[in-house]
A.B. asks: 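Dumping the structure here so I can ask a few things about it.
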Amino acid sequence: MFSFTTRCPRYGRIGEASLCALLAVALVSPLTSALAQTASSSATDSVARTHHLSEVTVSGAHRSAFSGINKIDVPLRDMPLTTSAVSARTIEQRGIDDLQEAMKNTTGVRANNTYGGFQHFTIRGFSNFVLMVDGVRDERHNISTSAPNTNLANVESVEVLKGPASVLFGHSALGGIINIARKRPSADFKADFSAAYGTFNTRRIRAGAGGPINDKLHYRVDFGMSDTDGYRHSGSNTNNGYLALEYTPTERDLFYLTIGANKDIYDTDTGLPMLEGSKLAPGMDRDTRYNDPADFLKHTRYDYQLKYVHRFNSGLTLSDQLSYYDDNINYFSTEELSFNATLDSLNRSFPFYFNHLTKPLQNQLELTYEFDTKGISHKLLAGYSLSILDRKTYNGDVFGPGKNASVSVRNPVLNQGYIDFKDTYYRATMENVHGIYVQDWIKISEKLKGLVGLRYDIFRGTYFTDQVDTDRHVTEEGPESKISKSALTYRAGLVYQPLEALSVYGSYSTYFKPARRVAPNGETFDPETGYQGEVGSRLEMSAKWTANLAFYYMRKNNQLEALPGGIYKRIGSAESKGFEAEVNGNLLPGLDVTAGYTFSKAEYLAFDGQEINPVAGKRVAFAPENMVNVWLNYEAQNGTLKGASIGAGVNYMDETFTNSANTFVMPAYTVADLALGYRVGRVGVRLNVNNLFNERYYANAIYANQFSPGATRNFLVSLRYSL
């Protein structure tokens with residue numbers, strides 16, 4: 001069913017045994033459950049039917065459980081962890097359409113969008129995070145640091161877990177976890193349709209429905225289309241579809257299948273080259289985009305997940321989640337713009353092409369067991385995860401009279417002649433990762449809870465570069481480089497609750513990330529390692545609102561920085577220390593609030609020994625010290641204005657350095673948004689005004705000195721109909 005590579009013998013040395021193991025896991029768990037069910041056929045069937053897998057319970061903006069990330073059904077107030085979430089309600093109120101926009105509603109997270117569609121995130125000062133979709137890792141962000149993500153038409157919420165999370169989710173999760181939770185089937189029929197139009201010729205259509213097919217089978221289906229010319233003519237067209245089926249053949253068994261697909265295209269954006277001092281060149285218009293009209297970023301993806309859950313009894317549950325996705329990123333773009341001596345023209349000095357083909361097969365087998373020992377309650381989670389990754393990146397030569405063309409800074413003629421590319425080689429990334437983990441949540445008393453976890457990962461990678469012809473047939477095989485690493489990670493924490501509404505907690509957790517980079521001379525590097533210590537408190541006022549405060553210290557070792565030409569520079573260790581404050585919920589009837597403040601001081605550290613680290617004491621790139629996010633929305637609950645709503649929000653971003661040497665900096669900025677809405681019966685209409693005061697600012701950067709301006713004031717009018 002799955003094709004891992006065109007060169008099976010070479011791949012077989014890594015993946016053969018693991019594939020057999022994976023198939024065994026996929027087959028054994030249903031067999032085990034069947035035997036167990038037969039053995040317990042005379043037992044009581046009073047256990048409630050299991051209809052929800054790792055579901056997040058949401059009441060307004062309040063979250064009474066966070067097991068979508070924690071994997072166990074424990075209220076968030078009883079966990080020594082810091083989390084944030086962006087609900088479907090907030091997504092609708094703010095007219096949000098992509099993951100980058102959603103992240104402006106969370107504390108501690110800075111989003112960066114590069115080349116028009118590649119998204120990556122800094123959490124608590126570090127760019128090491130794991131993106132997940134319904135609890136399944138998306139490896140693209142860990143290999144390339146960034147990747148495109150489609151619109152949010154099928155998304156129920158976005159969850160963020162702060163700090164190292166290697167114990168449950170494996171390597172590379174230092175800053176934290178971002179989990180995209182998609183919409184689930186419902187017991188009752190529900191449907192919704194929305195259409196929107198706005199500035200930059202923005203058009204959106206979304207439609208979704210869910211409900212029962214019969215007593216045992218429920219469904220959810222969603223479609224989303226978004227198209228825009230974009231600010232600076234950096235447009236996008238995203239289209240996706242999604243199907244979820246939930247089948248409960250017995251009171252003890254559940255099957256959950258999801259199928260998703262998207263086909264998106266983006267106009268790439270190289271940004272504006274800055275002069276020394278991060279200044280705009282004379283005569284340059286920040287509203288002008290200098291890319292070649294032939295540039296593009298295309299993203300096509302198909303993903304499949306199948307989860308099976310068997311509940312032996314009220315305290316013992318077995319689950320197995322099998323997933324596979326086929327991800328195709330095709331990219332051709334101007335990447336570098338260089339000034340001539342007189343600063344009146346720009347040379348497109350680095351046109352670049354690649355085609356990433358990423359096909360990971362993953363499985364998670366988990367057993368949860370609830371039991372008591374001498375009055376102490378336990379929720380034990382034990383698991384085994386397996387990931388088999390096959391990734392090919394095709395590169396080649398760029399040719400044509402338009403290659404390395406120059407364009408005028410003022411009134412540029414963007415089409416400077418024909419330009420194209422052809423494949424000449426591909427780089428293979430083939431990896432197996434085995435993880436064994438155990439976690440125990442302990443209820444010592446009503447006021448004292450604990451959490452301990454341990455994980456052992458075995459990482460095996462093989463990397464090589466082969467020459468190919470224009471039909472992608474291999475003409476010459478290159479040498480292999482192998483990376484073999486293993487790591488033990490752990491976490492531990494305590495929660496103390498002096499009052500029912502107040503929790504005080506402390507935790508310590510560790511992290512590792514394998515160094516997948518191979519230098520041109522074949523050199524490999526030590527894995528990154530790190531840890532976090534954290535103390536915090538959480539106040540929950542019934543089911544209406546919550547307030548969080550957390551202080552943390554994080555450290556990361558063995559860092560590398562990529563330089564042009566495939567060269568890697570060691571920049572040693574870095575630390576991040578700071579605190580976050582956040583309020584979420586319904587302060588008054590009809591009044592929703594999401595607000596937070598982040599202080600994070602992330603700096604590079606001196607080398608151990610005699611060697612001098614030239615960036616020691618410098619701020620970590622893309623790690624602002626201060627961030628503020630506020631969103632308030634009030635809807636009248638009665639009277640003549642019932643159904644009318646008004647929302648307002650502010651986002652502040654401190655100055656942000658764009659490289660480790662701190663030679664370029666994007667200035668601080670504040671952006672305000674406004675929303676007006678009216679809802680009557682099943683119909684709702686909303687007007688969103690983003691960047692209300694038309695702030696001129698820089699939002700993103702590449703190559704340290706190429707800044708991308710944020711969008712000017714823009715409007716969006718949306719109409720929604722719900723059943």
Side-chain angles (χ1 to χ4, degrees), residues 58 60-61 85-106 151-158 183 190-209 222-231 236 238 240 584-595 629-651 671-694 710-723:
V58 178
V86 184
S87 67
R89 187 181 182 91
T90 301
I91 290 173
E92 179 187 355
Q93 289 173 355
R94 302 202 71 169
I96 293 171
D97 193 47
D98 64 43
L99 188 59
Q100 178 188 4
E101 293 177 347
M103 286 299 96
K104 68 184 182 182
N105 297 277
T106 60
N151 67 62
L152 305 184
N154 58 14
V155 173
E156 180 65 31
S157 66
V158 182
K183 296 176 181 178
K190 296 179 180 179
D192 56 85
F193 173 84
S194 66
Y197 183 81
T199 312
F200 314 128
N201 196 27
T202 299
R203 294 146 289 165
R204 300 175 189 170
I205 295 177
R206 295 180 180 180
D222 286 279
F223 299 93
M225 295 176 287
S226 297
D227 186 72
T228 180
D229 295 345
Y231 170 57
S236 63
T238 59
N240 58 51
N584 285 282
N586 310 110
L587 296 183
L588 297 170
L591 178 62
D592 297 333
V593 58
T594 298
N629 63 282
V630 178
W631 177 253
L632 300 170
N633 191 88
Y634 176 73
E635 181 174 326
Q637 303 296 294
N638 46 53
T640 57
L641 293 178
K642 182 179 180 179
S645 64
I646 181 170
V650 172
N651 285 88
V671 173
D673 300 332
L674 178 70
L676 300 173
Y678 184 70
R679 180 174 54 85
V680 54
R682 302 180 186 275
V683 180
V685 62
R686 181 173 295 272
L687 168 67
N688 288 91
V689 184
N690 299 313
N691 196 357
L692 179 65
F693 301 112
N694 206 28
T712 52
R713 182 189 298 117
N714 58 93
F715 306 85
L716 184 75
V717 178
S718 56
L719 179 68
R720 180 183 176 90
Y721 180 77
S722 302
L723 290 175

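Computed from a predicted structure; not experimentally measured. The figures here come from the full heavy-atom set of this structure, side chains too, leaving out hydrogens, waters and symmetry mates.
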A.B. asks: Within this structure, what is the CG-OH distance for the pair Leu719 and Tyr197, rounded to the nearest 0.5 Å?
C.D. replies: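 Taking CG in Leu719 and OH in Tyr197, the distance rounds to 16.0 Å.
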
A.B. asks: Quick check for you: to the nearest 0.5 Å, what is the distance between Phe200 atom CZ and Asn714 atom CG?
C.D. replies: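 The CZ atom of Phe200 sits 5.0 Å away from the CG atom of Asn714.
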
A.B. asks: Where do Ala711 and Tyr231 come nearest, in terms of heavy atoms and distance?
C.D. replies: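 Smallest interatomic distance, heavy atoms only, reads CA-CD2, 3.5 Å.
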
A.B. asks: Under 4.5 Å between any side-chain heavy atoms of Leu641 and Tyr678, yes or no?
C.D. replies: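 Leu641 does not reach Tyr678 side chain to side chain.
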
A.B. asks: Are Asn151 and Arg204 close enough, and set up right, to give a side chain to side chain contact (heavy atoms under 4.5 Å, CB included), and what steps lead you there?
C.D. replies: CA-CA 10 Å; Asn151 67 62; Arg204 300 175 189 170; over 6 Å; no

A.B. asks: For Ala675 versus Trp631, what's the shortest heavy-atom pair and its separation?
C.D. replies: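 Shortest heavy-atom separation between Ala675 and Trp631 comes out as CB-CH2, 3.8 Å.
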
A.B. asks: For Leu716 and Ala196, which heavy atoms make the closest approach, and how far apart are they?
C.D. replies: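 Minimum heavy-atom contact is CD1-CB, 3.9 Å.
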
A.B. asks: Check each of Asn586, Asn633, Leu587 against Val593 using the side-chain contact (heavy atoms from CB on, under 4.5 Å) test, and report the only one that passes.
C.D. replies: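 When Asn586, Asn633, Leu587 are each tested with Val593, the side-chain contact (heavy atoms from CB on, under 4.5 Å) holds only for Leu587.
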
A.B. asks: Can you tell me how far apart CZ (Arg682) and OG (Ser722) are? Round to the nearest 0.5 Å.
C.D. replies: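 So the gap between those two atoms works out to 8.5 Å.
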
A.B. asks: At what distance, to the nearest 0.5 angstrom, does CG of Leu723 lie from CZ of Phe193?
C.D. replies: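 Output value for this atom pair is 12.0 Å.
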
A.B. asks: Take Asn629 and Thr106, measure what side chain to side chain contact (heavy atoms under 4.5 Å, CB included) needs, and give me the verdict at the end.
C.D. replies: CA-CA 7 Å; Asn629 63 282; Thr106 60; over 6 Å; no

A.B. asks: Has Arg203 got more than 12 heavy atoms of other residues, nucleotides or ligands less than 6.0 Å from its CZ?
C.D. replies: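 More than 12 within 6.0 Å, yes.
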
A.B. asks: Are any of the side-chain heavy atoms of Asp673 and Gln93 separated by less than 4.5 Å?
C.D. replies: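 No, too far: nothing below the 4.5 Å cut-off.
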
A.B. asks: How long is the straight-line distance from CG of Asn240 back to CG of Leu152, given to the nearest 0.5 Å?
C.D. replies: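 Those atoms lie 9.0 Å apart.
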
A.B. asks: Compare every heavy atom of Gly224 with every heavy atom of Ala153, then report the nearest pair and how far apart it is.
C.D. replies: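 The answer is CB-CA, 3.5 Å.
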
A.B. asks: Between Asp97 and Arg206, does a side chain to side chain contact (heavy atoms under 4.5 Å, CB included) hold up when you go through it step by step?
C.D. replies: CA-CA 11 Å; Asp97 193 47; Arg206 295 180 180 180; 2.5 Å; yes

A.B. asks: Roughly how far, to the nearest 0.5 Å, is CG of Leu674 from CG of Asn690?
C.D. replies: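 Output value for this atom pair is 9.5 Å.
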
A.B. asks: Quick one: are Val689 and Arg713 in side-chain contact, heavy atoms under 4.5 Å?
C.D. replies: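 Contact flag for Val689/Arg713 side chains = yes.
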
A.B. asks: List the atom of Gly643, the atom of Glu635, and the distance in Å for their closest heavy-atom pair.
C.D. replies: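 Answer, listing the atom of Gly643 first, then Glu635: CA-OE2, 3.9 Å.
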
A.B. asks: Is there a donor in the side chain of Thr594 and an acceptor in the side chain of Asn105, or the other way round, less than 3.5 Å apart?
C.D. replies: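 Asn105 and Thr594 do not have a side-chain donor-acceptor pair below 3.5 Å.
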
A.B. asks: Could you check Glu101, Arg686, Lys104 and say which one makes a side-chain contact (heavy atoms from CB on, under 4.5 Å) with Arg94?
C.D. replies: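 With Arg94 as partner, Glu101, Arg686, Lys104 yield a single side-chain contact (heavy atoms from CB on, under 4.5 Å), made by Lys104.
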
